[in-house]
Amino acid sequence: MPAVYLFLRYHLNELGSNPYEFLMNYSGHCSMILFIITYAIVPLRRWLKAFCDWQKLAYGKRLSDWNFLVYNRRMLGLNTFYYAFFHTCLYLYLELDLDWQFVVEELERRFIAIGWISLSILSLLALTSPKFMQNRLKRHWKKIHRSIHS
């Protein structure tokens, strides 16, 4: 949905006086919001399960039994990667004009370095997310995907 919103705003010429800044900020915010939502699914299910056990609710009537959250977690994670990658591409193209010397100089700023580290971690998770990679990595796949928790 955020991509459709950006597309419509772009074609209606409603991006404001500095459209590049709007695109960069919006894609960065979407990436962070999607990351928080994706990361919150497992703790939310655990809390709901504990609450439903405390209330002694029957199986099927508990909120923790809603498996659609787990099934959609991969797509949310991939969308997080897509928006982070889009944000980075906009930054490289619009701010730095693809000059790699500026990229190296910008790494001295902490939030830029944290962004590059985050994008590299999200890239690893996105590359290992498809089913054929899960089958190929076998038990190591879980180690990779659970390593971001620690």
Side-chain angles (χ1 to χ4, degrees), residues 1-52 54 62-137 140-150:
M1 290 305 290
V4 172
Y5 174 73
L6 278 179
F7 183 76
L8 288 175
R9 296 251 343 224
Y10 176 76
H11 281 290
L12 295 174
N13 201 17
E14 295 179 354
L15 294 179
S17 60
N18 190 349
Y20 304 126
E21 182 180 356
F22 178 81
L23 287 172
M24 280 186 44
N25 287 337
Y26 191 78
S27 61
H29 288 130
C30 286
S31 174
M32 287 300 298
I33 290 168
L34 285 170
F35 177 76
I36 291 169
I37 291 170
T38 305
Y39 206 78
I41 288 175
V42 173
L44 178 66
R45 282 180 48 97
R46 287 181 185 156
W47 294 337
L48 287 173
K49 182 182 181 317
F51 176 76
C52 291
W54 176 63
R62 305 179 302 190
L63 292 175
S64 61
D65 298 333
W66 292 0
N67 292 327
F68 72 91
L69 290 174
V70 174
Y71 296 136
N72 291 320
R73 182 175 54 191
R74 180 186 306 157
M75 284 312 300
L76 285 170
L78 288 173
N79 283 323
T80 301
F81 168 71
Y82 297 143
Y83 281 105
F85 185 72
F86 180 63
H87 177 74
T88 305
C89 289
L90 286 172
Y91 173 72
L92 289 173
Y93 182 70
L94 300 175
E95 289 288 323
L96 302 181
D97 293 327
L98 298 175
D99 188 355
W100 294 102
Q101 181 64 30
F102 287 142
V103 173
V104 173
E105 291 174 7
E106 289 284 312
L107 285 175
E108 294 175 3
R109 298 164 64 184
R110 285 188 187 158
F111 68 94
I112 301 289
I114 291 171
W116 279 106
I117 292 168
S118 301
L119 183 67
S120 62
I121 291 170
L122 284 174
S123 299
L124 175 67
L125 294 175
L127 287 173
T128 60
S129 186
K131 283 282 187 197
F132 77 91
M133 286 300 288
Q134 291 178 17
N135 294 336
R136 208 162 177 203
L137 292 171
H140 299 293
W141 179 84
K142 278 190 178 181
K143 290 179 184 176
I144 292 170
H145 281 255
R146 289 184 178 166
S147 66
I148 64 165
H149 297 283
S150 53

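What you see is a predicted model, and the numbers here were worked out from it, not measured in a lab.
- For L78, the side-chain contact (heavy atoms from CB on, under 4.5 Å) partners two or more places apart in sequence, or in a different chain, are R74, M75, Y82, A126, S129.
- Residues passing the side-chain hydrogen bond (donor to acceptor under 3.5 Å, both in side chains) test with S27 are H87, sequence neighbours excluded.
- Nearest heavy atom pair, residue L90 against residue M24, reads CB-CG, 3.7 Å.
- In this view, F86 satisfies the ring pair (Phe, Tyr, Trp, His ring centres under 6.0 Å) rule with no residue, not counting sequence neighbours.
- Within the model, atoms CD1 of I37 and CG of N72 stand 12.0 Å from one another, a figure rounded to the nearest 0.5 Å.
- Between L76 and F35 the shortest side-chain heavy-atom distance does not fall below 4.5 Å.
- With a 6.0 Å radius and a threshold of 12 heavy atoms from other residues, nucleotides or ligands, F22 has its CZ atom above the threshold.
- Here the CD1-CG distance, from I33 to N79, works out to 13.5 Å after rounding to the nearest 0.5 Å.
- Between F81 and L119 the shortest heavy-atom distance is CE1-CD1, 4.3 Å.
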